Amino acid sequence: KNNYFKFNNDYYLQTDGTAMGVSFAVSYANIYAHSKEILFISRFKSQILLYRRLVDDIFMVISPPCDFIHQAAPFFLSFIIDWTVDPHERDFLDLTIFKGPRFLSQGILDLKIYQKPMNAYTYLPFTSFHPLKVFFNLVANEIRRYITHSSSLTDFLIVRDRLIQRLRKRQYPWKILLQAAEVYHFKQRTQLLSKSTKKTLDRVVFTTHYDPLTKSLRMSKVLKQHW
């Protein structure tokens, strides 16, 4: 009620749904969706082999799929759902989940990185005023994500090389790219996928603004000597 917004010099009044832009909208929508999906899952639990949802993205493995969408529609009358069924592969969030070579012998689905066609790849430009570690960690952690999200070495190498090419266009120097690319290797995939216990450090955090002056003062050294 009374939620106005402007688009292309025209003013609109929202008359239905949660007010757009409010902080609790996503949480409210999640609660509402959950109230519907628990009934849906209970009704089709014999057909749903796997069900995962993140906000408004759902991935399901169902058996048998015959007429499933028509039967499920009444549970989501207040939703606009774009159902897409594929017997071989589907895109979900930043993944393409597909039946690879292991599926017939082991019944295991494989993964590879999915990147939307509209992705502009606006990575942090190297000309931005950030510490070098920020750029280094951005590259290293993105490569780590590519490793954990790729079942095959070939698929990993394709997206890694594309990343390097895109970052070169953002003026990242070869030295940082090559050093960051050596932090994680595909042979570490099993280790990277295993759960690790986070170490808790007993330390005091000193936060300040980053600028040339604080960098030249060597704040870390000063604090260690006089804190």
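Given the structure is predicted, the values throughout are model-derived calculations rather than measurements.
Within the 4.5 Å cutoff, the side chain of Gln188 has no heavy atoms near those of the Thr190 side chain. Between Met60 and Trp83, some side-chain heavy-atom pair lies under the 4.5 Å cut-off. With a 4.5 Å cut-off on side-chain heavy atoms, Phe59 and Arg53 do not count as touching. The shortest side-chain heavy-atom distance between Lys36 and Phe40 does not fall under the 4.5 Å cut-off. With contacts defined as side-chain heavy-atom distances shorter than 4.5 Å, the pair Asp110/Phe103 does not qualify. Within the 4.5 Å cutoff, the side chain of Ile113 has no heavy atoms near those of the Asp155 side chain. Side chains of His130 and Leu124 form a contact here, defined as non-hydrogen atoms less than 4.5 Å apart. Taking the side chain as every heavy atom from C-beta outward, Leu178 and Lys175 never approach each other to under 4.5 Å.
Of the possible donor and acceptor atoms, one in the side chain of Ser151 sits under 3.5 Å from a partner among the backbone N and O of Leu111. Side chain of Ser42 to backbone of Ile38: no donor-acceptor contact under 3.5 angstrom is found. A donor-acceptor pair is defined here as one N or O able to donate and one able to accept, closer than 3.5 Å; no such pair exists between the side chain of Arg102 and the backbone of Ile108. Although no hydrogens or angles enter the test, the distance criterion places no donor-acceptor pair under 3.5 Å between the side chain of Asn119 and the main chain of Gln115.
Between Ile176 atom CD1 and Asn137 atom CG the span is 10.5 Å, to the nearest 0.5 Å. Summarising the geometry, atom CD1 belonging to Ile58 is positioned 11.5 Å from atom CG belonging to Asp82; distances are rounded to the nearest 0.5 Å. To the nearest 0.5 Å, the span separating NZ on Lys187 from NE2 on His185 amounts to 6.5 Å. Rounded to the nearest 0.5 angstrom, His34 NE2 and Leu39 CG are separated by 9.5 Å.
The two residues Arg166 and Tyr123 come nearest to each other via the heavy atoms CB-CE1, 4.1 Å. What you find for Ile143 and Ala181 is that their closest heavy atoms are CD1-CA, 3.6 Å. Among all heavy-atom pairs drawn from Ser150 and Arg189, the shortest one is O-NE, 2.7 Å. A pairwise comparison of heavy atoms in Arg168 and Pro173 identifies NH1-CA, 3.8 Å as the closest pair. In terms of heavy atoms, Gln171 sits closest to Phe126 at O-CB, 3.3 Å.
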Name every donor-acceptor pair, under 3.5 Å, that has one atom in a side chain of residues 92-101 and the other anywhere in the protein, sequence neighbours excluded.
unit_1 : atom_1 : unit_2 : atom_2 : d
Asp94  : OD2    : Arg145 : NH1    : 2.7
Thr96  : OG1    : Asp91  : OD1    : 2.7
Lys99  : NZ     : Pro87  : O      : 2.8

* Tyr146 vs Phe156, ring-ring contact (aromatic ring centres under 6.0 Å, His included): CA-CA, chis, key distance, verdict -> CA-CA 6 Å; Tyr146 289 173; Phe156 160 67; 7.2 Å; no
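Checked by atom type, the side-chain pair Ser27/Asn30 shows no donor-acceptor distance below 3.5 Å.
A perpendicular orientation is assigned to the rings of Phe135 and Tyr172, their planes being inclined by more than 60° (bins at 30° and 60°).
Val26 is not connected to Tyr28 by any chain of hydrophobic side-chain contacts under 4.5 Å among Ile, Leu, Val, Met, Phe, Trp and Tyr, and they are in different clusters.
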